[in-house]
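Per chain, numbering begins at 1; letters A, B, ... match sequence-line order.
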Amino acid sequence: MRVSRLMLVTLRDVPADAEIASHQLLLRGGYIRRVGSGIYAYLPLMWKVLRKISAIVQEEMDATGALETLLPQLQPSELWERSGRWQGYTAGEGIMFHLEDRQGREVGLGPTHEEVVTSLAGELLRSYRQLPVTLYQIQNKFRDEIRPRFGLMRGREFIMKDAYSFHADEDDLRRCYGEMDRAYRRIFERCGLQAVAVEADSGAIGGAASQEFMVTAEAGEDLILTSEDGSYAANLEKAVSIANPATPLPEGEVKVIDTPGQDSIDALCNSQDLEPSQVVKVLALLARMESGAQQPVLVCLRGDQELNDVKLVNAISALQNDGVLDVTPVSVEQVANQGLSPWPFGALGPDLDDASLEGAKSWTTSFLRFADPTAKELDRFVCGANSPNQHRWGSRWSDLSCDPQVVDLRNAQAGERCQKDPTQTLMARRGIEVGHIFQLGRKYSQAMEASFTTAEGGQEAFWMGCYGIGVSRLAQAAVEQHHDQAGICWPLAIAPFAVVIVVANMQDETQLQLGEQLYDTLRAEGVDVLLDDRSERAGVKFKDADLIGIPWRLVVGRDAANGQVELVERATREAQVLPTDEALASLREAISTTTSPTVV
RNA sequence: CGGGAUGUAGCGCAGCUUGGUAGCGCACUUCGUUCGGGACGAAGGGGCCGCAGGUUCGAAUCCUGUCAUCCCGACCA
């Protein structure tokens with residue numbers, strides 16, 4: 001390709017609405033244009049990158065025996081009603097774009113494809129003999145994100161590879177999950193990305209095991225904790241650790257202490273000369289359930305610990321066997337609106353009586369009670385006395401008439417010891433989630449009544465897995481991980497072009513001819529080569545070449561007269577002036593070492 | 001949805017306080033000189049000042065409303 005024909009428009013100034021380096025560079029380099037909030041056009045350069053990534057993904061997915069397919073983006077509501085997700089995905093905070101057609105039928109733009117694919121599998125896969133099957137597609141997904149961000153990182157329309165596997169039993173699902181894990185590692189490695197696999201929460205998609213693949217980068221939206229040797233890695237949502245030990249409370253009798261205005265752990269500890277770890281704090285929360293129930297929840301945490309919302313939501317839905325829409329702190333106003341007498345906020349104790357809920361207008365009238373192990377393990381502690389401005393000192397759990405469920409509900413923190421290997425300390429890093437694999441189990445196949453005939457002649461629901469890669473996000477994550485002051489440094493395997501030939505002075509016949517000749521030679525060899533044939537000054541071309549990040553550059557300049565050119569590696573800036581043949585040989589050597597797929 | 005900010009040419013910005021009918025840099029067009037790290041000179045083209053009301057002889061500027069975008073929190077590939 002010739003730059004003069006490439007519709008290349010690069011920007012010198014940084015667009016004001018781009019915050020992070022990768023977003024700025026993609027805009028400045030003429031890779032993407034914003035069309036609307038969270039909606040981007042992939043310009044020709046970007047599309048080449050995306051196709052290269054897709055090709056790697058396809059090769060690796062095909063190698064696992066997965067079948068490529070293309071499922072509709074426009075999906076009828078009935079499918080989603082069968083899985084029970086239509087309401088959750090469209091109403092209120094719903095993430096699915098949806099509309100009504102002229103016949104009054106409701107349809108949604110696919111944010112994901114479990115429903116479509118499960119329903120198809122139910123129709124097509126009738127016998128255990130046909131299993132296992134994995135289907136995958138590279139498709140645009142639509143999600144009505146509340147806050148699109150950072151260019152392609154969180155768009156409302158984005159490209160995703162999603163795969164769904166169907167199995168006769170759980171063991172086979174596990175086998176496939178392991179295979180996908182390995183395929184994913186190869187994909188990210190081939191794309192030149194440093195990625196970490198972390199234990200993750202399954203979130204709204206549900207299911208048993210799940211693992212995320214994070215590209216480590218400062219701009220990442222996720223916090224991950226890893227052990228020093230990397231043997232343990234988890235998303236903060238899921239991470240566990242050994243909490244630092246609590247400071248024991250001095251000997252003494254149980255007593256009630258006056259704590260006027262000491263409503264927070266900080267205030268209490270400062271006034272009473274306590275350590276936060278000597279206190280049990282009690283959080284009153286309200287869970288809105290999918291069934292419509294409004295369930296009050298009391299959570300006991302050691303005073304120095306933070307609540308992990310995701311863990312709490314999971315604990316509630318497991319205990320109630322009902323989905324949780326959200327969990328929010330109970331406010332003074334809400335208590336009043338329920339027609340209840342005021343609660344002693346700031347002095348709540350773990351044994352706050354269910355009588356506090358008697359006569360509530362719309363709330364369930366008994367608390368769901370949880371305690372984090374760090375709180376439950378305290379022998380003696382300080383806690384609220386359930387009367388305003390009073391706390392109890394030296395309480396024991398056995399003295400309190402309550403029996404909370406003990407569940408891990410705290411955030412693990414950097415600096416704490418690793419549960420898997422207590423000799424190691426956890427470190428915090430930031431990551432961009434580029435892939436996520438799940439063992440879904442039979443959640444969707446049961447809901448959608450997708451079943452097959454077993455060897456014994458019975459009907460059973462499929463065991464399913466699903467496996468996603470954010471293709472467009474991955475491309476930007478690669479920029480986030482591979483750039484410098486001057487611009488992008490694409491990993492060779494996903495670079496839009498392997499090499500750019502810069503003719504320094506287009507007026508110089510010798511240079512021009514040598515440039516053209518090199519271009520023809522490389523093109524004939526199937527090399528992805530770009531020729532900068534614009535009649536710009538050399539400086540401009542160098543700046544643009546750096547910005548758009550082509551891994552190799554051949555400069556045809558003043559040494560052209562002696563048959564010499566300069567070969568420059570973008571990432572390292574290493575340059576050598578060589579006779580043309582040698583430069584070509586070095587270049588071939590350099591670009592043959594990659595396993596880059598062929599994309600024309 | 002809550003908190004913060006911004007809307008003026010393709011991009012980056014000034015002008016607004018103190019109303020008088022829009023300007024700078026980059027980009028774009030033409031000519032000349034230049035030609036290995038975003039050249040210089042000259043001459044050009046391009047703006048519903050987000051939108052709608054209002055105040056005023058007169059509004060980019062003041063007032064009201066509205067829309068959009070971005071940043072911080074809840075969602076996720």
Side-chain angles (χ1 to χ4, degrees), chain A residues 9-20 23-24 27-28 30 33-34 36-39 57 88-89 92-96 111-113 138-163 184 200-205 210 212-215 221-222 235 237 309-310 313 325-328 431-438 466-477 486-487 502-508 511 534-547 553 555-560 565-566 568 573 575 577:
Chain A
V9 179
T10 57
L11 303 174
R12 196 180 300 203
D13 296 314
V14 181
D17 53 5
E19 191 82 354
I20 61 175
H23 186 195
Q24 294 175 350
L27 283 168
R28 285 188 52 212
R33 277 287 161 135
R34 197 184 71 89
S37 178
I39 306 172
V57 170
Y89 268 67
E93 296 285 285
I95 203 160
M96 180 155 62
T112 176
H113 283 74
I138 294 173
Q139 247 290 29
N140 279 21
K141 291 279 189 281
F142 298 87
R143 292 190 188 166
D144 189 0
E145 291 289 343
I146 302 163
R147 186 150 91 85
R149 235 191 295 212
F150 302 150
L152 306 185
M153 286 295 191
R154 180 177 298 281
R156 298 197 298 165
E157 178 175 351
F158 58 96
I159 302 175
M160 179 173 167
K161 186 285 299 180
D162 50 330
Y184 271 41
D201 183 71
S202 311
I205 294 177
S210 113
E212 288 171 337
F213 293 85
M214 297 285 190
V215 169
E221 294 185 79
D222 288 275
N235 194 310
E237 293 174 352
D309 296 346
V310 174
V313 165
L325 294 174
D326 62 26
V327 179
T328 50
I432 300 162
E433 183 187 356
V434 290
H436 201 157
I437 59 179
F438 303 80
C466 84
Y467 319 91
I469 290 180
V471 172
S472 43
R473 177 185 282 184
L474 187 155
Q476 188 172 331
V502 175
V503 178
N505 184 349
M506 292 293 288
Q507 263 73 273
D508 182 319
Q511 290 184 22
R534 294 175 298 172
S535 40
E536 291 286 350
R537 295 163 62 88
V540 173
K541 299 190 193 184
F542 292 147
K543 290 285 185 195
D544 275 345
D546 286 347
L547 177 59
R553 187 167 84 206
V555 184
V556 183
R558 53 197 165 211
D559 299 318
V565 294
E566 188 184 28
V568 188
R573 294 286 172 91
V577 177

Quick one: [X] [atom1] to [N] [atom2], roughly how many Å, whole number?
{"X": "R154(A)", "N": "U69(B)", "atom1": "CZ", "atom2": "P", "value": "17 Å"}
{"X": "R553(A)", "N": "G36(B)", "atom1": "CZ", "atom2": "P", "value": "14 Å"}
{"X": "R156(A)", "N": "A68(B)", "atom1": "CZ", "atom2": "P", "value": "10 Å"}
{"X": "M506(A)", "N": "C35(B)", "atom1": "CE", "atom2": "P", "value": "17 Å"}
{"X": "I146(A)", "N": "U69(B)", "atom1": "CD1", "atom2": "P", "value": "15 Å"}
{"X": "E145(A)", "N": "C75(B)", "atom1": "CD", "atom2": "P", "value": "11 Å"}
{"X": "R149(A)", "N": "C71(B)", "atom1": "CZ", "atom2": "C1'", "value": "9 Å"}
{"X": "D326(A)", "N": "G73(B)", "atom1": "CG", "atom2": "C1'", "value": "14 Å"}

- Task: Could you pull out all residues at least two apart from Q24(A) that satisfy side chain to side chain donor-acceptor pair (under 3.5 Å)?
- Result: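 Side chain to side chain donor-acceptor pair (under 3.5 Å) check on Q24(A) returns nothing, list empty.
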
- Task: Sequence neighbours left out, what passes side chain to side chain donor-acceptor pair (under 3.5 Å) with R154(A)? Give chain and number order.
- Result: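 R154(A): side chain to side chain donor-acceptor pair (under 3.5 Å) contacts with E145(A), E221(A).
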
Whom does [N] pair with, Watson-Crick or G-U wobble, provided both distances fall under 3.5 Å?
{"N": "G44(B)", "result": "C28(B)"}
{"N": "G36(B)", "result": "none"}
{"N": "G53(B)", "result": "C63(B)"}
{"N": "U18(B)", "result": "none"}
{"N": "C1(B)", "result": "G73(B)"}
{"N": "G23(B)", "result": "C13(B)"}

- Item | Any donor-acceptor N/O pair, S472(A) side chain to I159(A) backbone, under 3.5 Å |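 Yes.
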
- Query: Is there a donor-acceptor pair under 3.5 Å between the side chain of K141(A) and the backbone N or O of E157(A)?
  - Reply: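 Side chain of K141(A) to backbone of E157(A), a donor-acceptor pair under 3.5 Å: no, none is there.
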
Determine the interatomic distance between [atom1] on [N] and the same-named atom on [M]; round to the nearest Å.
{"N": "C24(B)", "M": "U33(B)", "atom1": "C1'", "result": "25 Å"}
{"N": "U17(B)", "M": "G50(B)", "atom1": "P", "result": "15 Å"}
{"N": "A60(B)", "M": "G7(B)", "atom1": "C1'", "result": "11 Å"}
{"N": "G32(B)", "M": "G46(B)", "atom1": "C1'", "result": "24 Å"}
{"N": "C40(B)", "M": "C26(B)", "atom1": "C1'", "result": "16 Å"}
{"N": "C13(B)", "M": "G20(B)", "atom1": "P", "result": "24 Å"}
{"N": "G25(B)", "M": "A68(B)", "atom1": "C1'", "result": "26 Å"}

- Examine the base of G3(B) for any acceptor or donor lying under 3.5 Å from a partner atom in the side chain of R147(A), and report the outcome as yes or no.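 In this structure, the two groups form no donor-acceptor pair.
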
- Message: Can you say whether a donor on the side chain of Q507(A) sits under 3.5 Å from an acceptor on the base of C35(B), or the other way round?
- Response: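 By the distance-only test, yes, there is a pair.
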
- Answer yes or no for this row: F158(A) ring on A77(B) base, centroids under 5.5 Å, planes under 30°.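 So yes, this residue stacks on that base, both cut-offs being met.
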
- Message: Run the ring-ring contact (aromatic ring centres under 6.0 Å, His included) test against Y467(A) and tell me which residues pass, sequence neighbours left out.
- Response: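 Listed in chain order: nothing, the list is empty.
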
- Message: Once ring-ring contact (aromatic ring centres under 6.0 Å, His included) is applied, do any residues pair with H113(A), and if so which ones, sequence neighbours excluded?
- Response: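 Partners of H113(A) under the ring-ring contact (aromatic ring centres under 6.0 Å, His included) test: none.
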
Give [X] one of three labels, base, sugar-phosphate or nothing, depending on what nucleic acid heavy atoms sit under 4.0 Å from its own.
{"X": "M153(A)", "result": "base"}
{"X": "G151(A)", "result": "nothing"}
{"X": "G468(A)", "result": "nothing"}
{"X": "R34(A)", "result": "sugar-phosphate"}

- Query: Can you tell which of C75(B), C72(B), A77(B) lies closest to the side chain of F150(A)?
  - Reply: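 The listed nucleotide nearest to F150(A)'s side chain is C72(B).
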
- At under 4.0 Å between heavy atoms, which parts of nucleotides 7-14 of chain B does protein reach? Answer with one letter per nucleotide, 5' to 3': B base, S sugar-phosphate only, - none. ---SBSS-

- Task: Would you give a per-nucleotide map of nucleotides 39-45 of chain B, 5' to 3', where B means the base has a protein non-hydrogen atom under 4.0 Å away, S means only the sugar-phosphate does, and - means neither?
- Result: B------

- Message: Between N235(A) and E212(A), do the side chains contain a donor N or O and an acceptor N or O under 3.5 Å apart?
- Response: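 Looking only at side-chain atoms, N235(A) and E212(A) do form a donor-acceptor pair, the distance falling under 3.5 Å.
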
